[in-house]
Amino acid sequence: MIYDAAVIGTGPAGFSAALNLKIHEKNFIWIGSKDLSEKAGKAERIDNYPGMPHATGKELNEVFRVQAEAMGLIVTEQMVNSIVPMGANYALMAGSEFYETRTVILATGTARTATLPGESAWVGKGVSYCATCDGGLYRGRTIAVVCNAARFEHEAEFLAGLADQVYYFPIYKNPALSGENVEIMEDRAVGILGEERVSGVKLKSGKALAVDGIFCLRDSVALASLLPSLETEDGHIAVDRGMATNLPGVYAAGDCTGRPYQYAKAVGEGNIAAHSVIGYLAGKD
């Protein structure tokens, strides 16, 4: 199946984009967390969202969730690891799944966890973002896993079933991962070491840990790794008034396009991006 669009991100921008694509009866896939925006859900009070004075982030998320359910919107709970231009379309790799789409709306928010020094340089040479894609390469070997959300623990568990030794670096509280070959690290990973490929992890204590590879399991992948040809400006995706990027058929909305980081701004940009997609598809057809 070739989708008309893929919306990546389930925060306010992604929800707005998905809602408008649904209303216009487009065939699209919406990828992200079924909890919608964890960031929004933690907001203590929102005073500038029209129609919901003094709402909490949890209340705003719930309103979005109820409306999404009523509209029949379905979230595909995966993390997109890479987007590759494929002729007039784009190929999305999400875990072990492959999706082809005519257009893409990036509503990925801002990365909450910065990449590690050396990470970008070693992608494909010992650094991976997909357990099911690359786990088999490390069967019987020693690996490090950096993870920033409990919902990715199942991927770390999968890796533990393959590797001889797993050094697990959780960037969240109360990790539940266990196993005879799993060591939960209290020291923090602060860099990736290597020459021709990854050889170790630099720790905050100053020590170095020898590993054959490192898996970075996060809510979002660095833009440089996700879509390398995408133009950025000051760490954000560069877009025009129609939320179009430098790549044909690729649009962006929300915090990933820059400040202000506001819910109302994100919803508006998601709306614009969806309508730009609709116009783009009409021009192609």
Side-chain angles (χ1 to χ4, degrees), residues 5-23 28-81 83 92 94-95 104-114 129 147-153 155 170-173 216-223 226 235-237 239 243 251-274 277:
V7 180
I8 304 173
T10 50
F15 169 65
S16 178
L19 183 65
N20 281 278
L21 290 173
K22 180 72 174 182
I23 290 170
F28 67 97
I29 184 169
W30 188 21
I31 303 175
S33 169
K34 291 180 180 179
D35 294 329
L36 301 184
S37 173
E38 184 179 340
K39 176 183 174 183
K42 292 180 178 178
E44 183 177 355
R45 175 170 155 169
I46 303 169
D47 289 329
N48 64 345
Y49 193 84
M52 293 188 66
H54 313 313
T56 65
K58 185 176 181 180
E59 289 170 340
L60 182 65
N61 246 6
E62 180 61 13
V63 168
F64 286 171
R65 188 196 65 75
V66 169
Q67 187 174 7
E69 188 174 295
M71 292 294 294
L73 293 173
I74 298 173
V75 175
T76 298
E77 196 165 40
Q78 291 179 324
M79 184 180 73
V80 177
N81 304 300
I83 303 172
L92 276 63
V104 178
I105 296 177
L106 298 169
T108 54
T110 55
R112 293 181 301 165
T113 304
Y129 300 103
C147 181
N148 78 342
R151 67 189 181 93
F152 297 124
E153 280 188 355
E155 294 194 39
I171 313 175
Y172 59 94
K173 295 180 179 179
C216 300
L217 307 179
R218 305 194 187 102
D219 294 288
S220 60
V221 175
L223 293 175
L226 185 65
H236 299 99
I237 301 173
V239 293
M243 312 318 298
Y251 302 82
D255 288 358
C256 63
T257 67
R259 296 180 182 277
Y261 300 145
Q262 299 287 327
Y263 305 123
K265 178 253 194 188
V267 167
E269 288 189 348
N271 180 294
I272 294 170
V277 162

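Everything quoted here is computed from the prediction, not taken from an experiment.
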Tell me the closest heavy-atom pair linking [X] and [Y], and the distance in Å.
| X | Y | result |
| --- | --- | --- |
| Gly270 | Ser16 | C-OG, 3.7 Å |
| Ala252 | Cys256 | CB-SG, 4.2 Å |
| Met71 | Lys22 | O-CE, 3.0 Å |
| Asn48 | Pro50 | O-CD, 3.5 Å |
| Thr10 | Gly32 | CG2-CA, 3.7 Å |
| Asn81 | Tyr129 | OD1-O, 3.1 Å |

State, yes or no, whether a side-chain contact exists between [X] and [Y] at a heavy-atom distance under 4.5 Å.
| X | Y | value |
| --- | --- | --- |
| Tyr251 | Val239 | no |
| Tyr172 | Arg151 | no |
| Leu73 | Phe28 | yes |
| Tyr49 | Val267 | yes |
| Thr257 | Lys265 | yes |

Roughly how far apart are [X] [atom1] and [Y] [atom2], rounded to 0.5 Å?
| X | Y | atom1 | atom2 | result |
| --- | --- | --- | --- | --- |
| Leu21 | Ile29 | CG | CD1 | 12.5 Å |
| Leu106 | Ile83 | CG | CD1 | 5.0 Å |
| Arg65 | Leu36 | CZ | CG | 8.5 Å |
| Leu60 | Tyr263 | CG | OH | 7.5 Å |
| Met79 | Thr108 | CE | OG1 | 12.0 Å |
| Ile31 | Thr76 | CD1 | OG1 | 6.0 Å |

Under a 4.0 Å threshold between the charged nitrogen and the carboxylate oxygen, would Lys58 count as salt-bridged to Glu62?
no
Under 3.5 Å, is there a donor-acceptor pair between the side chain of [X] and the main chain of [Y]?
| X | Y | answer |
| --- | --- | --- |
| Glu59 | Thr56 | yes |
| Trp30 | Gly9 | yes |
| Asp255 | Ala266 | no |

Evaluate whether atom CD1 of Ile23 has more than 12 neighbouring non-hydrogen atoms of other residues, nucleotides or ligands under 6.0 angstrom away.
yes
Excluding sequence neighbours, so at least two apart, what forms ring pair (Phe, Tyr, Trp, His ring centres under 6.0 Å) with Phe15?
Phe64
Could you pull out all residues at least two apart from Tyr261 that satisfy ring pair (Phe, Tyr, Trp, His ring centres under 6.0 Å)?
His236
